[in-house]
K.L.:
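Handing you a structure now.
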Amino acid sequence: MNLDTIREERAKWLEWKNIVPMRNALANIQTINTDNLDISYSDWVTVGDKSDITDEQLNFLEENAKALIPWRKGPFSLCGLDIDSEWQSNLKYNLLKKHFNIKDKIVADVGCNNGYYMFRMLEEKPKRIVGFDPSAIFKTQFDVVNHFVKGNIKYELLGVEHLEFYEHKFDMIFMLGVLYHRSDPIASLKSLNRALNKNGEIIVDSFMIDGDEEVALCPESRYAMIPNVYFLPTVNCFKNWLKRAGFTDIELIEITTTDDKEQRVTPWTFGMSLNDFRDPNDPTKTIEGYPAPKRAYLKARKK
């Protein structure tokens with residue numbers, strides 16, 4: 001597989017008609033000089049404060065950053081502009097943080113969205129971070145934030161299927177919010193396995209269903225109004241997928257129920273979110289009648 005050819009093809013995505021206005025907004029933002037700003041990698045990835053730019057620049061920044069709505073992951077604060085994303089991604093990151101050590105490691109974030117987790121990971125001093133996500137919108141949001149952070153992060157418009165063919169392997173791979181979008185989850189996990197160095201580790205999550213049986217729910221079309229959700233496993237089924245993909249030392253980190261503290265409508269999103277995706281008469285079910293979103297987070301090591 002020739003990744004350079006794929007990169008050249010996908011670079012053209014940034015020239016799509018619906019993306020050009022976003023890239024223009026990015027170019028506008030990049031005219032704001034942001035050298036030597038203080039950075040805080042806390043719940044809000046915070047770069048600088050309001051005193052670092054003029055009021056006119058702040059208004060200009062807000063106007064152009066809003067051209068990139070919806071901001072799914074975050075939150076970010078850029079020179080006093082608070083981008084309150086739909087997902088409070090800090091909750092997931094803080095839950096996982098105590099379960100990994102990436103200092104001096106080569107790290108991949110598969111399905112990295114706009115890079116929130118990668119920006120948080122900079123504080124852990126990894127050797128290298130590479131993000132994978134085939135989305136021109138998310139890449140543009142990443143470029144906006146990285147204009148202020150100036151982090152040494154590589155963003156690839158590539159997907160899970162390209163990982164094993166990448167130019168180097170990884171010590172740690174994160175794949176969050178992706179597996180249930182894959183029609184063959186075991187094949188996807190095998191791809192992660194082949195992309196790891198010896199004794200490399202992964203942290204992966206999935207929508208799940210309760211139960212001790214080794215089974216998975218396959219929604220008819222949409223799940224919580226989300227297209228392309230193929231399988232929601234029980235934890236035991238999820239563990240079996242990892243075993244079949246060549247992983248060992250499989251550990252259940254956490255099970256969480258998605259609530260409106262984690263996912264909700266803000267001025268930086270579209271007008272619908274979690275509360276619109278659940279049954280209005282029974283919040284334990286989705287609008288389609290399936291169990292409401294719960295996630296299982298697992299950690300495993302390459303054999």
Side-chain angles (χ1 to χ4, degrees), residues 72-73 87 89 91-93 95-96 99-100 108-113 117 132-134 159-161 163-164 170 172-196 200-259 262-263 274 277-279 282-303:
R72 300 289 191 195
K73 302 298 174 69
W87 285 88
S89 305
L91 299 176
K92 182 180 291 191
Y93 187 82
L95 181 153
L96 299 176
H99 295 281
F100 63 81
D109 183 0
V110 181
C112 63
N113 199 276
Y117 301 125
F132 294 81
D133 208 315
V160 180
E161 64 275 17
L163 220 66
E164 61 185 284
F170 299 90
M172 186 86 200
I173 297 176
F174 297 83
M175 190 169 75
L176 306 172
V178 174
L179 191 62
Y180 43 81
H181 290 306
R182 308 295 294 180
S183 60
D184 190 338
I186 296 175
S188 297
L189 292 170
K190 284 181 177 179
S191 183
L192 298 190
N193 190 293
R194 289 189 285 265
L196 284 167
E201 294 180 312
I202 66 168
I203 289 180
V204 59
D205 76 345
S206 178
F207 285 141
M208 60 159 286
I209 55 172
D210 291 327
D212 296 326
E213 296 180 305
E214 297 156 319
V215 298
L217 167 67
C218 180
E220 181 181 1
S221 56
R222 291 176 177 247
Y223 171 77
M225 294 181 66
I226 306 168
N228 300 323
V229 173
Y230 290 98
F231 297 105
L232 288 75
T234 62
V235 170
N236 286 334
C237 177
F238 197 173
K239 288 180 177 179
N240 287 350
W241 290 350
L242 286 162
K243 290 174 185 175
R244 288 190 171 212
F247 289 95
T248 188
D249 297 340
I250 300 166
E251 172 190 354
L252 174 63
I253 292 175
E254 191 71 66
I255 293 173
T256 64
T257 300
T258 307
D259 59 27
E262 183 178 10
Q263 184 188 11
L274 176 67
F277 307 154
R278 294 186 294 198
D279 184 331
D282 184 356
T284 68
K285 295 185 181 299
T286 70
I287 199 76
E288 302 89 359
Y290 298 118
K294 294 177 70 171
R295 289 176 188 262
Y297 297 86
L298 271 66
K299 181 180 178 181
R301 181 174 59 81
K302 180 172 181 162
K303 283 184 181 178

K.L.:
Under the side-chain contact (heavy atoms from CB on, under 4.5 Å) test against L232, which residue among P219, S206, C237 passes?
P.N.:
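It is P219, the one option of P219, S206, C237 that forms the side-chain contact (heavy atoms from CB on, under 4.5 Å) with L232.
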K.L.:
Going by the rule side chain to side chain contact (heavy atoms under 4.5 Å, CB included), which residues pair with V160 if we only count those two or more places apart in sequence or in a different chain?
P.N.:
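Counting only residues at least two positions away or on another chain, V160 forms a side chain to side chain contact (heavy atoms under 4.5 Å, CB included) with V110, M175, V178, R182, S188, S191, L192.
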K.L.:
Could you state the interatomic distance from OG1 (T248) to CG (L242), rounded to the nearest 0.5 Å?
P.N.:
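Taking OG1 in T248 and CG in L242, the distance rounds to 10.5 Å.
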K.L.:
Any salt bridge (charged side-chain N to carboxylate O under 4.0 Å, His left out) involving residues 184-195? Give me the pairs, sequence neighbours left out, ordered by first then second residue.
P.N.:
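Checked against salt bridge (charged side-chain N to carboxylate O under 4.0 Å, His left out) - neighbours excluded - the pairs reaching residues 184-195 are E164-R194.
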K.L.:
Taking ring-ring contact (aromatic ring centres under 6.0 Å, His included) as the cut-off, I'd like each qualifying pair that reaches into residues 211-235, sequence neighbours left out, listed once.
P.N.:
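Applying ring-ring contact (aromatic ring centres under 6.0 Å, His included) to every pair that reaches into residues 211-235, excluding sequence neighbours, yields F207-Y223.
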K.L.:
Could you measure the distance from the OG1 atom of T234 to the CG atom of L217? Nearest 0.5 Å is fine.
P.N.:
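So the gap between those two atoms works out to 11.0 Å.
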K.L.:
Would you say R278 and T286 make side-chain contact, with heavy atoms under 4.5 Å?
P.N.:
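Sidechains of T286 and R278: no contact.
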K.L.:
Considering residues at least two apart in sequence or located in another chain, which fulfil the side-chain hydrogen bond (donor to acceptor under 3.5 Å, both in side chains) criterion with T284?
P.N.:
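So T284 forms a side-chain hydrogen bond (donor to acceptor under 3.5 Å, both in side chains) with D282.
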K.L.:
Hey, are the side chains of E262 and W87 touching, using non-hydrogen atoms and a 4.5 Å cut-off?
P.N.:
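E262 reaches W87 side chain to side chain.
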K.L.:
Could you report the tightest heavy-atom contact between W241 and A216, atom names first, then the distance?
P.N.:
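For W241 versus A216, the nearest heavy atoms are CZ2-CB, 4.3 Å.
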K.L.:
Is the backbone N or O of C112 less than 3.5 Å from a side-chain atom of D133, with the two atoms forming a donor-acceptor pair by type?
P.N.:
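Pair found, side chain donor or acceptor close to backbone of C112.
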K.L.:
Any non-hydrogen side-chain atom of D212 less than 4.5 Å from a side-chain atom of N236?
P.N.:
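Yes, close enough: below the 4.5 Å cut-off.
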K.L.:
Taking side-chain hydrogen bond (donor to acceptor under 3.5 Å, both in side chains) as the definition, give me every residue that meets it alongside Q263, ordered by chain and number, with sequence neighbours left out.
P.N.:
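side-chain hydrogen bond (donor to acceptor under 3.5 Å, both in side chains) check on Q263 returns E86.
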K.L.:
Can you find a pair of side-chain heavy atoms, one from I173 and one from V204, that are under 4.5 Å apart?
P.N.:
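No. Closest side-chain heavy atoms not under 4.5 Å.
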K.L.:
Between D279 and I287, is there a donor-acceptor pair closer than 3.5 Å when you use the side chain of the first and the backbone of the second?
P.N.:
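The answer is no, because no donor-acceptor pair under 3.5 Å joins these two groups.
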K.L.:
State, with a plain yes or no, whether a side-chain heavy atom of F238 is found less than 4.5 Å away from one of M208.
P.N.:
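Of all side-chain heavy-atom pairs linking M208 with F238, none is under 4.5 Å.
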K.L.:
Using residues 289-303 as the side-chain source, report each donor-acceptor pair under 3.5 Å to any protein atom, sequence neighbours left out, with the distance given to one decimal.
P.N.:
unit_1	atom_1	unit_2	atom_2	d
Y290	OH	E220	N	3.0
K294	NZ	D210	OD1	2.8
K294	NZ	D210	OD2	3.3
R295	NH1	Y180	OH	3.1
R295	NH1	D205	OD2	3.0
R295	NH2	Y180	OH	3.0
K299	NZ	H99	O	2.6
R301	NE	D249	OD2	2.7
R301	NH1	N199	OD1	2.9
R301	NH2	D249	OD2	2.6
K302	NZ	N193	O	3.0
K302	NZ	L196	O	3.1

K.L.:
With side-chain contact (heavy atoms from CB on, under 4.5 Å) as the criterion, how do D109 and F132 come out once you've worked through the C-alpha distance, each side chain's angles and the decisive distance to 0.1 Å?
P.N.:
CA-CA 6 Å; D109 183 0; F132 294 81; over 6 Å; no
K.L.:
Checking N240 now: which residues fulfil side-chain hydrogen bond (donor to acceptor under 3.5 Å, both in side chains) with it, not counting sequence neighbours?
P.N.:
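N240: side-chain hydrogen bond (donor to acceptor under 3.5 Å, both in side chains) contacts with E214.
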K.L.:
Locate the shortest heavy-atom distance separating T256 from L95; write the atom from each residue and the value.
P.N.:
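Looks like CG2-CD1, 3.5 Å.
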K.L.:
Mind listing the closest non-hydrogen atom pair of V235 and L252 along with its distance?
P.N.:
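Answer, listing the atom of V235 first, then L252: CG1-CD2, 4.2 Å.
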K.L.:
Got a second to check how far S221's OG is from N228's CG, nearest 0.5 Å?
P.N.:
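Interatomic distance, S221 OG to N228 CG, rounded to 0.5 Å: 10.5 Å.
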K.L.:
For I203 versus L176, what's the shortest heavy-atom pair and its separation?
P.N.:
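So the minimum-distance heavy-atom pair works out to O-CD2, 4.1 Å.
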K.L.:
For E288, check salt bridge (charged side-chain N to carboxylate O under 4.0 Å, His left out) against everything at least two apart and list the hits.
P.N.:
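Not a single residue meets the salt bridge (charged side-chain N to carboxylate O under 4.0 Å, His left out) criterion with E288.
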K.L.:
List in chain and number order the residues that pass ring pair (Phe, Tyr, Trp, His ring centres under 6.0 Å) with Y117, two or more places apart in sequence or in another chain; answer none if no residue qualifies.
P.N.:
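Testing Y117 for ring pair (Phe, Tyr, Trp, His ring centres under 6.0 Å), a comparison that skips the adjacent residues, returns none.
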K.L.:
Quick one: salt bridge (charged side-chain N to carboxylate O under 4.0 Å, His left out) pairs with a partner in residues 234-244, sequence neighbours left out?
P.N.:
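Of all non-adjacent pairs touching residues 234-244, none passes salt bridge (charged side-chain N to carboxylate O under 4.0 Å, His left out).
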